[in-house]
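We're numbering straight along the sequence, starting at 1. Just so you know, these numbers come straight off a predicted model, no measurement behind them.
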Amino acid sequence: MSVTLTLTLTVPARSGSDQALLGVVALTNAGTEPVTVNARLNLPDGDLVIDVAGPAGTLRAGWPWPADSLPREAELGPGQALEAGVLLVCTAASQPLFPGAGSYTLTASYAAGPTTLEAEPARVVRTPATGAAGAAAAALRDRDVIQSLASASVLGQATGGLAAMAADGGTNAILAALATDAGTGAADLATAAGGSISVATAASAVLPATDPRHADITRAVSGDARAVAILAGSPHPAP
C-alpha cells in the first residue's frame with residue numbers, strides 16, 4: 001500500500017493592504033490507495049493551524065468563535081483532494097493578521113488523521129493602500145468589520161466599513177456581500193470577481209455547512225464541478 005498525503009496552502013504572491021486575504025488549502029492523496037482523512041479543513045475547528053511571520057513578528061491566524069464541531073471524515077481516492085477557502089484576516093482575538101505592508105511568510109499544518117502534515121511555506125507581499133483604497137484598508141483593521149467578515153453577518157458598527165470593502169471590488173466585494181446577507185448576490189459577482197472558484201472559496205471560508213445560502217450559491221456555480229466540491233467539502237480530482 002502506498003499512501004502519500006500532501007498539504008498545500010496557496011495565496012496570491014502580492015496583495016494590497018486594502019484586500020482581505022483569502023487562501024486556498026488543499027489536502028491531496030498523491031498515493032495509489034484510498035485513505036480516510038479528517039475533513040475538518042478549516043480554521044474554526046482548530047485542526048488547521050496557520051502562522052504568519054512578518055515585519056512585526058509572528059501571529060497565528062484564528063477565528064473569533066472556535067467551533068470544535070463533531071468529527072468529520074472523508075475518503076480520498078488516489079489523485080483526489082479536499083480544498084477549502086481560508087479567510088486570513090485576523091487572530092482568534094480579532095486582531096488584524098497583517099498589521100501593515102511588507103513581506104509575510106505563512107506556514108500551515110493540519111491534523112489530517114494520526115499524522116499532522118505541514119505545507120511548504122507560502123509567501124505574500126502586502127502592498128500599501130493608496131487613495132480611495134485607504135478606506136477598505138482601514139476597515140480591515142476594524143474589529144467589528146473583522147468579526148462581520150468571519151460571521152458572514154453585520155455586527156456592531158461595521159456597516160460603513162463593509163460598504164467601503166464592497167466598493168473596493170474583488171474578494172472584498174464577495175465577502176461584503178456575504179456579510180450583508182446579499183445571498184445569491186455573492187454568486188452573481190462570479191464574473192467580475194474572478195469566477196465561480198473565487199465565490200466558492202470565499203463562501204467555504206466563512207459560511208457554516210448548515211447555512212441556507214449554500215444552496216443558492218451552489219446552484220449559481222453548478223457549471224463548475226470543482227467549485228461545487230469546494231462548497232460541499234467533498235473530494236474531487238486534484239487541480
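- Between the side chains of Asp47 and Asn38, at least one donor N or O lies within less than 3.5 Å of an accepting N or O.
- Among all heavy-atom pairs drawn from Asp144 and Asp142, the shortest one is N-OD1, 2.9 Å.
- Under a 3.5 Å cut-off, the side chain of Asn29 and the backbone N or O of Gly79 do not form any donor-acceptor pair.
- Taking every heavy atom of both residues into account, Cys90 and Ile146 meet most closely at CB-CG2, 3.5 Å.
- Side-chain contact, Ser15 with Arg126: a donor N or O sits under 3.5 Å from an acceptor N or O.
- In terms of heavy-atom proximity, Arg40 sits nearest to Leu70 at CD-O, 3.6 Å.
- The shortest heavy-atom contact between Pro64 and Ala150 is CD-CB, 3.9 Å.
- Checked by atom type, the side-chain pair Ser94/Gln147 shows a donor-acceptor distance below 3.5 Å.
- Looking at Arg213 and Asp211, a side-chain N of the basic residue comes within less than 4.0 Å of a carboxylate O on the acidic one, giving a salt bridge.
- Hydrophobic cluster membership differs between Trp63 and Val49, with clusters built from Ile, Leu, Val, Met, Phe, Trp and Tyr side chains linked at under 4.5 angstrom.
- For Asn42 against Arg72, the heavy-atom pair with the smallest separation is ND2-NH2, 3.3 Å.
- There is a path of hydrophobic side-chain contacts, each under 4.5 Å, that joins Val25 to Val11.
- Under the side chain to side chain contact (heavy atoms under 4.5 Å, CB included) criterion, Pro12 pairs with Leu21, not counting sequence neighbours.
- A chain of hydrophobic side-chain contacts below 4.5 Å, direct or via other Ile, Leu, Val, Met, Phe, Trp or Tyr residues, connects Leu9 to Val37.
- Here CG of Leu97 is found 7.5 Å from OG1 of Thr91. Values are rounded to the nearest 0.5 Å.
- Closest approach of Ala84 and Leu41 over heavy atoms only: CB-O, 3.4 Å.
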